[in-house]
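Here is the structure we will look at, set down as structure tokens.
Values below: all heavy atoms of this structure, side chains included; hydrogens, waters and symmetry mates excluded.
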Amino acid sequence: MSDINEMNVGPRWYVAHTYSGYENKVKANLEKIIENRGLGHLIFDINIPTEVIVEKNGDKEKVVENKIFPCYVYIKMIMNEESWYAVRNITGVTGFVGPGSRPTPLTEEEVAALQIEQVTEVRLSFEVGDAVTVVGGLFEGYSGTVQAISDDLKNVTVLIKRGNRDMPVELEATEVKASNS
């Protein structure tokens, strides 16, 4: 691998391919190797791009973390013989992304497009037109129909039947749950 040292162009993002489900183990093992062998000057950052989805149903929240690119770990490192060997020989790593045995760094455009930072998404268990029950606040115990949901998914307008007429009430999303659950 003598041509690895010739590839050194400073710190760049590289992609290591792993066995399915080994991404977190590879990251943890690489962090231990960096600490034990003093490779902090060669390997700077390790990232597994994930999206966090918060599913809300009334006052209950379920947080689900999904890997955006399963089987891949992104590593910002200076590529040389020592850093290549450290990453390549971790249990679970099958190799680097690139032709043959030559790891290919990501371009700045690819790094920006991949958004290697964490993304959060909120999902509600109901949508406009669904029957819901109010589980908190002044109208607790009332049922109604969702008329509107705010863009940030924090507030919900519910049509609550009071007497002979429907009354629109704006509530926090945590105060409402789908009637069928």
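Tyr85 is linked by a ring pair (Phe, Tyr, Trp, His ring centres under 6.0 Å) to nothing, counting only residues two or more places apart in sequence or in another chain. Asp130 is linked by a salt bridge (Lys or Arg N to Asp or Glu O under 4.0 Å) to nothing, counting only residues two or more places apart in sequence or in another chain. With sequence neighbours excluded, the residues forming a side-chain hydrogen bond (donor to acceptor under 3.5 Å, both in side chains) with Thr94 are His17, listed by chain and number. Applying the side-chain hydrogen bond (donor to acceptor under 3.5 Å, both in side chains) criterion to Ser150, with sequence neighbours excluded, gives Asp152. Scored by the side-chain hydrogen bond (donor to acceptor under 3.5 Å, both in side chains) test, Thr18 finds no partners at all (sequence neighbours excluded).
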Apply side chain to side chain contact (heavy atoms under 4.5 Å, CB included) to residues Val158 and Tyr142 and explain how you reach the verdict. CA-CA 10 Å; Val158 178; Tyr142 283 90; over 6 Å; no

Could you please spell out the steps behind the side chain to side chain contact (heavy atoms under 4.5 Å, CB included) verdict for Leu138 and Val169? CA-CA 10 Å; Leu138 183 62; Val169 178; over 6 Å; no

Checking Met167 against Phe139 for the side chain to side chain contact (heavy atoms under 4.5 Å, CB included) test, could you report, in this order, the C-alpha distance in whole Å, the side-chain angles of both residues, the deciding distance, and whether it holds? CA-CA 11 Å; Met167 179 173 65; Phe139 294 95; 3.5 Å; yes

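Counting heavy atoms from C-beta on, the side chains of Glu172 and Val156 never come closer than 4.5 Å. You'll find the side chain of Thr145 stays beyond 4.5 Å of the side chain of Asp166, heavy atoms only. Residues Ile46 and Ile34 form a side-chain contact, since some pair of their non-hydrogen atoms from C-beta on lies under 4.5 Å apart.
Among all heavy-atom pairs drawn from Gly137 and Glu175, the shortest one is CA-OE2, 3.8 Å. Shortest non-hydrogen contact noted between Ala178 and Val132 is CA-CG1, 4.2 Å. Of all the heavy atoms in Pro11 and Lys76, the pair that sits closest is CB-CE, 4.2 Å. Looking at every heavy atom in both residues, Thr104 comes nearest to Gly98 through OG1-CA, 3.4 Å. Listed here is the closest heavy atom pair of Glu110 and Pro105: OE1-O, 4.3 Å. In terms of heavy atoms, Val26 sits closest to Gly92 at CG2-C, 4.1 Å.
With rounding to the nearest 0.5 angstrom, the CG atom of Leu30 is 5.5 Å from the CD1 atom of Ile75. Atom CG of Leu171 and atom OG1 of Thr157 lie 8.0 Å apart (nearest 0.5 Å). Atom CD1 in Ile33 sits 4.0 Å away from atom CD1 in Ile90 (nearest 0.5 Å). Rounding to the nearest 0.5 Å gives a distance of 10.0 Å between CD of Glu65 and CD1 of Ile53. Distance check: Leu39 CG to Glu82 CD gives 5.0 Å after rounding to the nearest 0.5 Å. Rounding to the nearest 0.5 Å gives a distance of 10.5 Å between CG of Asn47 and CZ of Phe69.
A side chain to side chain donor-acceptor pair (under 3.5 Å) check over residues 20-40, counting only residues at least two apart or in different chains, returns nothing.
Ser83 contributes a side-chain N or O that, together with a main-chain N or O of Ile78, makes up a donor-acceptor pair within less than 3.5 Å.
Val135 and Val146 fall into different hydrophobic clusters, defined by Ile, Leu, Val, Met, Phe, Trp and Tyr side-chain heavy atoms under 4.5 Å apart, directly or through other members. Cluster annotation: Leu159 and Phe126 are assigned to distinct hydrophobic clusters (Ile/Leu/Val/Met/Phe/Trp/Tyr, side-chain heavy-atom contacts under 4.5 Å, transitive).
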